[in-house]
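Remarks on the structure that follows.
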Protein chains: 2
Amino acid sequence: MSQGDALRDRIIGTFESMPPQLQQAARHILEHPDEVALVSMRELARNAGVQPSTMTRLAKFLGFAGYEDIRAHHAQAIRLRVDGFAAQQERASTSDEGLAQQMLHSLSLQIARLGEPASIARLEAAAERLARARRIYVLGLRSCHLVAWHFHYVMTLLGERTEHLDGPAGTVGDGLMRAGAKDVLLAISINPYARHSLELAQLAREKGMGVVAITDSEVSPLNGVADEVILCATESPTFFHTLAPALAVSEVLCGLLANRDRAAALEALQKADRHLLALNTYSSAIPRRQ
Amino acid sequence: MSQGDALRDRIIGTFESMPPQLQQAARHILEHPDEVALVSMRELARNAGVQPSTMTRLAKFLGFAGYEDIRAHHAQAIRLRVDGFAAQQERASTSDEGLAQQMLHSLSLQIARLGEPASIARLEAAAERLARARRIYVLGLRSCHLVAWHFHYVMTLLGERTEHLDGPAGTVGDGLMRAGAKDVLLAISINPYARHSLELAQLAREKGMGVVAITDSEVSPLNGVADEVILCATESPTFFHTLAPALAVSEVLCGLLANRDRAAALEALQKADRHLLALNTYSSAIPRRQ
DNA sequence: TCCACATTGCAACGATTGTTTTACGAACTA
DNA sequence: TAGTTCGTAAAACAATCGTTGCAATGTGGA
């Protein structure tokens, strides 16, 4: 199960030199590692058939300040196991990671988790719904702006069916004026949810539009108004939320939509290419400035 | 992860009818199910931002005798998961993946690769350079707009030192007018490189500004003008490039910068929170429309 | 045999837990 | 507008927690 476990090795290594009661306690911990974090010390001692104080003494024998250190260790082991194949990634640098490494590791896992079957099914259902729409209105305010913008940008390269709701000076929602039952609103919102986004999603619903949501929780307010909901993680070791998984979702949706008619998508992209080429938009070297 | 979870379904089902505080508690439990079993109720309440009593009330609201029932449920879920290797093995054996799964898998790897030591070193060097700057000008055109926008948005919440170069009607570069040797340009550009981005980066260089680049290749044109370069993958099984790794880079940079003075960052965020709260920007439920 | 010492069980300690009570304030109703 | 209900925050509560001191027990060396 856990081969790179320092505490476990320590217990095994010093087991022989323990007094009988400590051995009994230690054996029970080795055989029921999860219980250590899940029940109180007294109950663990009861199950192990030793006195509560023996657990404390075991902790000190192992060089810890108190039993709390042992519990913390096993709790952490559970937390890490949640990320299942964390072991698969790399064993070397698990102990002391910098913030950057932590962030990237966690991001990688969060995106990998989007690949689970339940999540894939939601993505495909959402893509299906979007594909059937006459027009797609894209809404993402504040932090979610970047996701909405990305979706709209890519879809614009692919065709003409999207409209980005981000007017200045409070005109965000104006784009919905001509929207109707055949259209779909793609709403992106994460906690804290922008009030305006929720209002517009609700309005879209009332207009009979389809609603597809990218959000962060089973209990996001968007669940109530959306036909299709895609969940993405936003947790981050920093002060703010991450949007990379949400962006990944947007990219997957674009990918699925483009994949429905590969020939058409390819042609649209080539057309866009020619257009941008004609405008001298791109360059592959630092241009000489005049 | 846990689809056959009665308690979870119960929480989701009754979520709408909960008072706000209960919702906040419930949301935290849904998002951190393991923590329920691993930390004390008081600490869980603290992390959820609610009173301890709210957790008890949530338990009663859900029809339990007390909080202990909730903890017991989550503890049992952890115990059962120990035997849950089957799902993982099955996942590993399915070589026939759909496009969505392919994309997410590849994305996950690309971001994990950003955590390699060489890459981490570049990220930290770039953060160091940005931290020393008087002002940070952020430039990302076309597809890279979302990355630039993200960096600017987060940094604005943290303080006042960034300016986003994205003026309309061809005024993109105007912001650099007053920029000087003490400032830094953060330029984001991937293949195909927007000509305008390269020109502005070159201009910044000539003005004596520092240049930090997020780009996609060792031979990107930005290599020539930037003091610090961060590379991120952009390949995708679709027709277009992925920007999720680039966004991840931006998030890491923000994280590293915020981490340099955690107290100040926290204070700035709280200030921003109060401001947005006063403006009634956010909501956690669909607002009633009048 | 006796002593020194390690090990153990037990009881009590303060700290912290989960819960209940209380009082205040907001939101709704008539 | 006054009255009422509802939701929340804070304090008080008993219970349980992990820990510690001490006496009882067992063990090995002189």
Side-chain angles (χ1 to χ4, degrees), chain A residues 7 11 14-29 32-33 35-76 195 219 221, chain B residues 7 11 14-29 32-33 35-76 274 277-278 280 282-290:
Chain A
L7 170 55
I11 294 178
T14 58
F15 189 84
E16 297 296 334
S17 57
M18 291 180 192
Q21 289 298 105
L22 289 193
Q23 289 194 352
Q24 192 169 336
R27 166 169 290 123
H28 190 263
I29 288 183
H32 307 276
E35 294 302 304
V36 176
L38 296 178
V39 306
S40 75
M41 184 204 78
R42 282 180 121 96
E43 186 170 345
L44 190 74
R46 213 169 305 135
N47 296 338
V50 301
Q51 292 285 331
S53 35
T54 305
M55 288 295 174
T56 297
R57 289 176 181 137
L58 176 61
K60 308 223 157 173
F61 182 91
L62 293 171
F64 296 109
Y67 177 79
E68 177 56 28
D69 292 321
I70 293 186
R71 153 182 268 113
H73 181 95
H74 286 87
Q76 193 57 26
R195 202 171 46 84
V219 292
Chain B
L7 170 55
I11 295 179
T14 58
F15 188 85
E16 297 293 335
S17 57
M18 292 180 192
Q21 289 297 102
L22 253 50
Q23 289 195 349
Q24 193 168 336
R27 165 170 288 128
H28 191 262
I29 288 183
H32 307 274
E35 293 300 304
V36 176
L38 296 178
V39 306
S40 75
M41 185 204 77
R42 281 179 124 97
E43 185 169 345
L44 190 73
R46 204 163 19 240
N47 295 339
V50 302
Q51 292 285 330
S53 35
T54 305
M55 287 294 173
T56 295
R57 295 189 179 113
L58 176 63
K60 311 226 154 174
F61 182 93
L62 294 171
F64 297 108
Y67 176 79
E68 179 55 28
D69 293 322
I70 293 186
R71 151 178 278 125
H73 180 97
H74 286 90
Q76 195 54 28
R274 281 194 297 275
L277 206 62
N280 196 19
Y282 296 123
S283 167
S284 57
I286 297 285
R288 211 168 309 150
R289 294 181 47 252
Q290 52 281 57

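Here the structure is a predicted model, which means the values were calculated and not measured. In what follows, every chain begins at residue 1, and chains take the letters A, B, ... in the order their sequences are listed.
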Do B/Q51 side-chain atoms and B/A45 backbone N/O form a donor-acceptor pair below 3.5 Å? no
Between B/R27 (side chain only) and A/V219 (backbone N and O only), is there a donor and an acceptor less than 3.5 Å apart? yes
Atom pair distance, as rounded to whole Å: CD in B/Q21 and P in D/dC6: 18 Å
To the nearest angstrom, the CG-P distance between A/L58 and C/dT8 comes to 11 Å
Rounded distance (Å) that lies between atom C1' of D/dA9 and atom CD of B/Q24: 14 Å
Any donor-acceptor N/O pair, B/H74 side chain to B/I70 backbone, under 3.5 Å: yes
Carefully, step by step, assess B/T54 and B/F61 under the rule side-chain contact (heavy atoms from CB on, under 4.5 Å). CA-CA 10 Å; B/T54 305; B/F61 182 93; over 6 Å; no
Please identify each residue that fulfils side-chain contact (heavy atoms from CB on, under 4.5 Å) with B/E43, with sequence neighbours left out. B/V39, B/S40, B/R46, B/N47
B/F61 CZ - C/dT19 C1' separation (whole Å): 19 Å
Flag, side chain of B/E35 to backbone of B/L44, donor-acceptor distance under 3.5 Å: no
Please encode protein proximity along nucleotides 14-26 of chain D as a string of B, S and -, counting only heavy-atom distances under 4.0 Å. ---BBBBBB----
Indicate whether OP1 or OP2 belonging to D/dA11 is found under 4.0 Å from a side-chain N or O atom of B/Q51. no
